[in-house]
*Asks:* 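Right, I'll just put the structure down here and ask away after.
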2 protein chains.
Amino acid sequence: MEKLKNKRSSPSLARREHLSPPGRHAALRETSTDSLSQRVYQALKRDIITGVHPPGEALGEKDLAKRYSSSRTPVREAALRLQQDHLLKIIPNRGYFITKISVQDLTDLYDYRAAVECACAELAAMKGMNPALLERLEELANTEYKVNDRKSYENFISRDTEFHLSIAQLARNQLLLQAVEAARCQMERIMYAAIDIGYYGEFPGREHRGILDAIKKRDSRAARQLMYDHIFGSRDQVLKLAGGNPR
Amino acid sequence: MEKLKNKRSSPSLARREHLSPPGRHAALRETSTDSLSQRVYQALKRDIITGVHPPGEALGEKDLAKRYSSSRTPVREAALRLQQDHLLKIIPNRGYFITKISVQDLTDLYDYRAAVECACAELAAMKGMNPALLERLEELANTEYKVNDRKSYENFISRDTEFHLSIAQLARNQLLLQAVEAARCQMERIMYAAIDIGYYGEFPGREHRGILDAIKKRDSRAARQLMYDHIFGSRDQVLKLAGGNPR
DNA sequence: CGCATATTAATTGTATACCATAAGATTTTC
DNA sequence: GAAAATCTTATGGTATACAATTAATATGCG
């Protein structure tokens, strides 16, 4: 502890010293985020995922500040987080650039998903019996969508993400959950990009139900395997598409 | 505080042809530190890992700014990144708190490590034949340390991390590599904390060599299994320790 | 004397000013 | 007229000023 200053600047630290530490179980519903940084982050993230800002686009701090009605500071903090999410690349003294997604990035992403989501499925089957969440998963697994109907498909994307996130939640592992969240950002981006070239993915309802059933039966082996098959099935679809439309 | 306006006399910093390439090599130790934010991040991270700031400690922006000779802005950016690394928790309008590591966090961390590092070992055996890296791994696997010699053990911690990171590099997957980096932060923190209670982990040389051999023989199945055993062996040691010394 | 409320001090969130750097425009020189 | 050096301008990195929020203390009322 610093004992250098016995002046008026030390009581602040002393006061904070015995503050209650951050609890992990603070499961606050962050519906409407308060801070401006958060709002900018959410808004910009959404705009990148949905393709408002296309890959490769250069963004200046001042423009972003104007666009999202804030100053440069919140934009800067948002950008830092978006870089962690691999949605933005910050080049020092140059600015921000929306990340491009190469074929290499795609295979990396799917390998990553396989690693973390298979673990989630396995752990979900072993650990997590959360009736409310299972109920919700049942609902999500039965979500349909109409092909060539953009609005309907966008809704499906959201449900698809919620399905995978819910399984991660069943695994009750914060690190894995955050990893899946990061992966879903990229997946949503890819799915939105696919819409623009008229591609609506194959409906994964059957696979989702299979995974869910395995979890409910607490068959961790099957849950992992089915998740693996699901992810690599998706991978093959996307890679076939990407191979035909190199970027 | 005296503020000299004429700070033009700093030619050493002014003339830097240090162009920063878009490619990222996050696995490397800090080269010549570029921005002040980076330096604060690195320094604070180090201090958290090595236990200079103990778990639960409250940190104020102003104090940190003074301690690391910067203003609040770089501190803020560093803190944001450290939160992503799970080393710091930012509570809005309250301040920063060094994260505590609960037993739950430990099991989460090891499950996470198992998910990502087993995938790395498998991919390393399948994909990556990098002679230079394999050479280095051989060296690292044979690193010994003297028990009850803090300096020697700290060196081992660094080598241990480099071993696991190098395998992640062999897998050639940026997402997995970053995941392993994040996990290693926590692992180093735990290992440093263990020193303070006089515990020096069991020497993993044999296990490391086993994993490396499997990778060199391109036996992905064995590589994954041996990594799994290695991680859960470590887990059991740590959990036994944490159970006896709850914190 | 204890509890509730107002006040105050200090800290964080946000905006902005300032400085260093990098890319572009202009001029100079061959 | 072209290449190179210099100047200009714009942008990002950092410091700081200002506003909003929080926790601590003080105060009034029962």
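In what follows, chains are A, B, ... by sequence order, proteins preceding strands, each numbered from 1.
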*Asks:* Glu77(B) has an atom CD; how far is it from atom C1' of dT14(D), in whole Å?
*Replies:*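 It works out to 9 Å between those atoms.
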*Asks:* Calculate, to the nearest 0.5 Å, the distance between atoms CD and CD belonging to Gln84(A) and Gln83(B) respectively.
*Replies:* 10.5 Å
*Asks:* Rounded to whole angstrom units, what separation is found between the CZ atom of Arg94(A) and the C1' atom of dG24(C)?
*Replies:*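 Going from Arg94(A) (CZ) to dG24(C) (C1'), I get 13 Å.
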*Asks:* Report yes or no: does Asp105(B) contribute a side-chain atom to a donor-acceptor pair with the main-chain N or O of Ser102(B) at less than 3.5 Å?
*Replies:*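 Checking the backbone N and O of Ser102(B) against the side chain of Asp105(B), a donor-acceptor pair under 3.5 Å is found.
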*Asks:* Glu61(A) CD to dT21(C) C1': how many Å, rounded?
*Replies:*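 Going from CD in Glu61(A) over to C1' in dT21(C) covers 14 Å.
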*Asks:* Less than 4.0 Å between a side-chain N and a carboxylate O, is that true for Glu162(A) and Arg159(A)?
*Replies:* no
*Asks:* Looking at dA15(C), dA15(D), dA23(C), which one has an atom nearest to any side-chain atom of Pro74(A)?
*Replies:* dA15(C)
*Asks:* Taking only N and O in the side chain of Lys62(A), is any of them less than 4.0 Å away from OP1 or OP2 of dT11(D)?
*Replies:* yes
*Asks:* Test the Arg235(A)-Tyr110(A) pair against the cation-pi criterion, namely NZ or CZ under 6.0 angstrom from the six-membered ring centroid and within 45° of the ring axis.
*Replies:* no
*Asks:* Taking only heavy atoms on the protein side, list every residue of residues 63-73 of chain A lying under 4.0 Å from any atom of DNA chain C, sorted numerically.
*Replies:*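 Within this stretch, Ser70(A), Ser71(A), Arg72(A), Thr73(A) sit under 4.0 Å of the strand.
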*Asks:* Tell me whether Glu181(B) is salt-bridged to Arg184(B), with the criterion being a basic N under 4.0 Å from an acidic carboxylate O.
*Replies:* no
*Asks:* Figure out the CG/C1' separation between Leu36(B) and dT21(C), and round it to whole Å.
*Replies:*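 The distance from CG of Leu36(B) to C1' of dT21(C) comes to 16 Å, rounded to the nearest Å.
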*Asks:* Could you state the atom-to-atom distance from CG of Asn93(A) to P of dG12(D) in whole Å?
*Replies:*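 Taking CG of Asn93(A) and P of dG12(D), I get 9 Å after rounding.
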*Asks:* Gln178(B) side chain to Asn173(B) main-chain N or O, any donor-acceptor pair under 3.5 Å?
*Replies:* no
*Asks:* In whole angstrom, give the distance that lies between atom CD1 of Ile91(A) and atom C1' of dT11(D).
*Replies:* 14 Å
